[in-house]
There are 2 protein chains.
Amino acid sequence: MSNAGARRKAPTIHDVAREAGVSRGTVSRVLNGGHYVSPAAREAVDAAIKSTGYVVNRHARSLITGRSDSVGFLLTEPQERFFEDPNFNVLLRGCTQALAAYDIPLLLMLAGTQDERRRITRYITAGHVDGVLLVSSHSGDPVAEELRAAGVPLVACGKPIGQASKVSYVAADDRDGARDMVRFLHQSGRRRIATVTGPLDTPGGVDRLAGYREVLAELGITPDERLIEHGDYSRAGGEAAAERLLAAAPDLDAVFVASDLMAQGVLSALHKAGRRVPEDVAIGGFDDSPAALASSPELTTIRQPWDRIANEMVRVLLAQIGGEDPSAVILPTELIERRST
Amino acid sequence: MSNAGARRKAPTIHDVAREAGVSRGTVSRVLNGGHYVSPAAREAVDAAIKSTGYVVNRHARSLITGRSDSVGFLLTEPQERFFEDPNFNVLLRGCTQALAAYDIPLLLMLAGTQDERRRITRYITAGHVDGVLLVSSHSGDPVAEELRAAGVPLVACGKPIGQASKVSYVAADDRDGARDMVRFLHQSGRRRIATVTGPLDTPGGVDRLAGYREVLAELGITPDERLIEHGDYSRAGGEAAAERLLAAAPDLDAVFVASDLMAQGVLSALHKAGRRVPEDVAIGGFDDSPAALASSPELTTIRQPWDRIANEMVRVLLAQIGGEDPSAVILPTELIERRST
DNA sequence: CATGTCTCTGTGAGCGTTCACAGTAGAGAA
DNA sequence: TTCTCTACTGTGAACGCTCACAGAGACATG
């Protein structure tokens, strides 16, 4: 209360000390946990804080401690792509909550343009946050490299493709998710299982294809390259890939598609070709994105554990802020069965 | 470059000064615009900055200047509500861009829960941002009041209903938008124009109804309270209101609905009642939200100038940070004609 | 009694900047 | 010459806080 709305200069720790009849040191101790403070002193300080309306000046504190007690959540790509995605919202909320347990506020930073990236990088390296949770799908992200070089604790969401060794990341187990799906398709009686991969310069593209190959090998099925086509994670790319598949291997009876969005394209290609899903061809997607539910039939797909990913990202970041070395965490995925298989 | 990734202590202005063979003061001057610095000194400093990898410590700077050169964008409600809305994305991007012109980074802060609000309020009042752009639809938002009391420059998006006088805001002209729509309905030959209002404890609810009433008065149409029903901005609320309207005034030939979402409800009520849109009844919405395009038929609606709102919010905020008094800005709306009229 | 230990308190130093001020050198005017 | 003015430079003092340290009591232990 008091002095509300005034432009008057804010009360300092000094004012509180005077008001409480103690020294700066004692006030500071109360502020930082209250160890080694007598009950009487603590009460006096608490009262003085209330009566003066004191709020710590975090700049002064940060200047000396070197910490800012806040964490950034950095998006290095256009916001819309993410904001529309419910999975992203789960991730963001999960991180916020995980940090809340430590009373650390999370700052969302958007750096969609080159110019923004420059500004935000400067802001971060100047020490405004203790660490950064990075979300970006482009793997060779220069921002990550720059922050890493500046010594900023950093945890990426998803496996970065470049200098993987030096930057922490938390990711779902793409390879194992792919294995689960292909195994599932096989178990439901499919024998000519094709796949539409993601771009092979993304971790998801590579690992999901690897999982596919592994399971076929396990099952003793002779690899058939006609059953493999590449997409670009887009709907149209999926459709085109499916058309190529149908031409090269018209006897396919299942397709494992590396993203739900591409799976939508595959569905429409199959529909045009007069194949029924799932009767003639089973479709397995990946991501459990909104596209999975919006499709008809609804897609069987692989869900990534976004809530756990969020928790792990925060855990790893805080560990790194605490001085530990970068580390990687891989989390298991879950197969969601719907109508397309 | 140099010392990449090291935990080594960062170079200070002192190190740069030594390296460049000048004093702290000169380095500081170069950093802050370079006035009163000889070309030779400036070059030496620039070189030293590069060779040492120096980055200003913003905590130290902020401590003395009292400014943080950053601005917060505060959401005091659950993120999802906004993230899904393209209008919100336009607003956010607009603010980011407007601030970019001043090289000010924008920090998005989410405070959906009570706990988060506490944390973020503390963070803000501690001086971490120079001002706050506030987005919240609940009008009696305690956060706004608290920040205002703490003397934090603040600009709300949309007219706050409570202590309006003391807090700046930028809003679209609800009343005038409503007038335009009702006038438009009248000009297209409708004579029994009903309305579904928003809640009357929101500015939108009040002002849009006021606009409706004004135009009818202008046109010399006798007010008929049977043509007015209240909704709650939800789809279901709109549907219920439309049912009441149809019962009370079955001869209506147009409805001005205070939000697109409610208009969707109205559409479905009319559909159930066997009325054709726009043949039998014309529908005018408000907001130009995604609902307007997702409806069938697509809604004629009132668009708010989100890009201009963003620019004005930033302008007003910066003015306030610069010491000016709070002010209000009202911007004109635009009528978007589609198939529902 | 001396000594040690534990809890509590105050004090000085310093974090990395900016700011105000004092001062220097050179150019031009009186 | 001498003075003023301008362009530039260096220096000490903050800013508000935390940290390390020293010291004061209280109490127990040898």
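We name chains A, B, ... by the order of the sequence lines, and we start the count at 1 in each one.
Ring geometry, B:Phe83 versus A:Phe83: the interplanar angle falls under 30°, so the pair is classed parallel (tilted spans 30 to 60°). Aromatic ring pairs are classed by plane angle as parallel below 30°, tilted from 30° to 60° and perpendicular above 60°; the pair A:His128 and B:His59 is tilted.
Listed by first then second residue, pairs satisfying side chain to side chain donor-acceptor pair (under 3.5 Å) with a partner in residues 93-102 of chain A read A:Arg93-B:Glu80, not counting sequence neighbours. Sorted by first and then second residue, the salt bridge (Lys or Arg N to Asp or Glu O under 4.0 Å) pairs with a member in residues 312-322 of chain A read A:Glu312-A:Arg315; sequence neighbours excluded.
Listed by chain and number, the residues in a ring pair (Phe, Tyr, Trp, His ring centres under 6.0 Å) with B:Tyr54 amount to none (sequence neighbours excluded). Qualifying side-chain contact (heavy atoms from CB on, under 4.5 Å) partners for A:Asp115, counting only residues two or more places apart in sequence or in other chains: A:Thr113, A:Arg118, A:Arg119, B:Ala100. Every residue meeting the salt bridge (Lys or Arg N to Asp or Glu O under 4.0 Å) condition with B:Arg122, not counting sequence neighbours, appears here in chain and number order: A:Asp103. In terms of the side-chain contact (heavy atoms from CB on, under 4.5 Å) criterion, residue partners of B:Thr125 (sequence neighbours excluded) are, by chain and number, A:Val55, B:Thr121, B:Leu147, B:Ala150, B:Val152. For the side-chain contact (heavy atoms from CB on, under 4.5 Å) test, residues two or more places apart in sequence or in another chain that qualify with A:Thr12 are A:His14, A:Asp15. Partners of A:Ala44 by side-chain contact (heavy atoms from CB on, under 4.5 Å), not counting sequence neighbours, listed by chain and number: A:Ala20.
Counting heavy atoms from C-beta on, the side chains of B:Val22 and B:Arg29 never come closer than 4.5 Å.
For the contact set between residues 12-32 of chain A and DNA chain C, defined by any heavy atom under 4.0 Å, the members are A:Val22, A:Ser23, A:Arg24, A:Gly25, A:Thr26, A:Arg29. DNA chain D is contacted by B:Tyr36, B:Val37, B:Ser38, B:Ala41 of residues 34-47 of chain B, taking any non-hydrogen atom closer than 4.0 Å.
Of the possible donor and acceptor atoms, none in the side chain of A:Asp130 sits under 3.5 Å from a partner among the backbone N and O of A:Val71.
Taking the C1' atoms of five terminal pairs at each end of the helix from C:dC1-D:dG30 to C:dA30-D:dT1, the two resulting helix axes are inclined by 60°, rounded to 10°.
Atom CD1 of A:Ile64 is separated from atom P of D:dC17 by 11 Å (rounded to the nearest Å). The nearest whole Å value for the distance from the CZ atom in A:Arg61 to the P atom in D:dC19 is 9 Å.
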request  = Start with the C-alpha distance between B:Leu99 and B:Phe73, add both sets of side-chain angles, then the distance that settles side chain to side chain contact (heavy atoms under 4.5 Å, CB included), and finish with yes or no.
outcome  = CA-CA 11 Å; B:Leu99 285 165; B:Phe73 190 100; over 6 Å; no
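Boundaries of the chain A contact region on DNA chain C are C:dT7 to C:dG16, first to last in 5' to 3' order (nucleotide atom under 4.0 Å from a heavy atom).
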